[in-house]
Amino acid sequence: MEQAIAYLRVSTQRQHRSGLGLDAQRAAINHFAARESLTVAAEFVEAETGKGADALDRRPQLAAALAAAKAAKCSVVVAKLDRLSRDVAFVAGLMAQRVPFIVAELGRDADPFMLHLYAALAEKERRLISERTKAALAAKKGAGAVLGNPRNLAQAGSIGRAVLIKGADKFVESLVPVVLAMRSEGATTLREMAQALNRRGIKNPRGGTWYPSSVANLLSRFQTFL
């Protein structure tokens with residue numbers, strides 16, 4: 001049976017002590033391994049933030065997981081891509097280590113290009129949430145609220161996420177008639193739909209070119225508006 005190295009990460013020591021998040025990651029990895037006939041040869045657990053240019057230097061367990069995977073000539077498995085990082089440059093650096101990564105949430109078919117793409121989307125989402133949260137905090141401060149209160153911070157974060165989701169839903173809703181028209185014209189595969197969107201001059205949510213994977217993300221939200 002093919003081997004794999006499991007890597008789990010939480011962002012704080014407090015989460016590490018409580019086990020918050022680790023059990024869910026371990027369950028996801030074990031379920032994926034059983035489904036894909038993989039044997040988890042070793043598990044490495046980290047309590048460290050994924051932010052910063054020196055993130056890999058501050059994550060010795062990830063370095064150990066990479067070394068173990070190289071020695072065993074196998075892959076490193078994580079539950080979700082953000083357990084590696086939401087930073088595109090960091091993910092690109094990991095890909096340069098020449099150790100295959102498998103993201104259980106995305107499946108074994110997610111190649112390095114797709115991992116880069118998903119990392120770019122996650123990075124964009126993180127930046128937008130940060131911007132919305134700052135705007136919400138500024139609004140609350142302007143209204144006389146005392147900042148620094150955990151309740152205020154949680155509320156601002158919730159507002160930021162709500163605005164982000166609302167914007168994404170509005171974008172998807174605007175494409176409903178376009179997608180229906182493309183389907184009626186015979187564009188049924190992800191590649192055909194990406195080509196049709198590009199021919200129409202429609203930009204993806206990041207203002208760039210459509211690819212099959214970005215069309216798949218669009219369609220995952222599309223059913224809500226049918």
Side-chain angles (χ1 to χ4, degrees), residues 1-13 15-126 189-191 194 206 211-220:
M1 186 176 286
E2 182 183 351
Q3 291 188 332
I5 303 298
Y7 176 72
L8 297 76
R9 182 179 68 86
V10 290
S11 300
T12 66
Q13 286 291 341
Q15 287 179 329
H16 186 248
R17 288 193 299 270
S18 68
L20 181 64
L22 291 178
D23 289 341
Q25 291 179 55
R26 186 174 291 112
I29 290 173
N30 289 338
H31 178 73
F32 175 81
R35 189 175 71 243
E36 298 293 331
S37 298
L38 295 173
T39 298
V40 177
E43 178 184 285
F44 294 85
V45 179
E46 197 109 65
E48 180 58 70
T49 180
K51 298 179 181 178
D54 62 340
L56 185 57
D57 294 334
R58 291 184 283 103
R59 290 163 67 176
Q61 292 303 306
L62 178 55
L66 289 169
K70 284 182 178 179
K73 296 181 179 180
C74 66
S75 302
V76 173
V77 181
V78 295
K80 301 178 67 175
L81 184 59
D82 64 6
R83 295 307 83 200
L84 291 176
S85 180
R86 292 187 179 94
D87 185 271
V88 178
F90 185 84
V91 172
L94 291 178
M95 298 298 107
Q97 299 288 328
R98 299 189 181 279
V99 172
F101 281 91
I102 300 175
V103 179
E105 183 182 46
L106 302 179
R108 300 191 73 170
D109 293 335
D111 58 21
F113 171 78
M114 290 185 64
L115 294 183
H116 279 84
L117 182 62
Y118 280 113
L121 292 172
E123 184 179 288
K124 176 71 171 180
E125 180 185 27
R126 183 183 66 188
T189 69
L190 295 178
R191 183 173 300 279
R206 301 183 69 241
Y211 295 96
S213 53
S214 49
V215 174
N217 290 334
L218 171 68
L219 295 182
S220 69

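All residue numbers in this chain count up from 1 along the given sequence. Because only heavy atoms are used, hydrogens play no part in the values below, and waters and symmetry mates are left out as well, while side chains stay in.
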- Task: Tell me, with the steps shown, if Glu36 and Glu2 meet side chain to side chain contact (heavy atoms under 4.5 Å, CB included).
- Result: CA-CA 9 Å; Glu36 298 293 331; Glu2 182 183 351; over 6 Å; no

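The two atoms that bring Leu62 and Leu94 nearest to each other are CD2-CD2, 4.0 Å, heavy atoms only. Pro100 approaches Cys74 most closely through the heavy-atom pair CD-O, 3.9 Å. In terms of heavy atoms, Pro212 sits closest to Ala194 at N-CB, 4.0 Å. Heavy atoms only, all atoms of each residue included: Leu22 and Leu8 are closest at O-CD2, 3.6 Å. Across Ala69 and Val76, no two heavy atoms sit closer than the pair CB-CG2, 3.6 Å.
The shortest distance between side-chain heavy atoms of Val45 and Gln25 does not fall below 4.5 Å. Val99 places none of its side-chain heavy atoms less than 4.5 Å from the side chain of Ile5. Looking at heavy atoms from C-beta onward, Arg108 lies in side-chain contact with Phe32 at the 4.5 angstrom threshold. Using a 4.5 Å heavy-atom threshold, the side chains of Arg9 and Gln61 count as separate. With a 4.5 Å cut-off on side-chain heavy atoms, Val40 and Asn30 count as touching.
For Arg35, the CZ atom is densely surrounded, since the number of other residues' heavy atoms within 6.0 Å is greater than 12.
Listed for the Arg59 side chain is a donor-acceptor partner under 3.5 Å among the backbone atoms of Leu84.
Here CZ of Phe44 is found 9.5 Å from CG of Leu66. Values are rounded to the nearest 0.5 Å.
In this structure, a donor-acceptor pair under 3.5 Å is present between the side chains of Tyr7 and Glu46.
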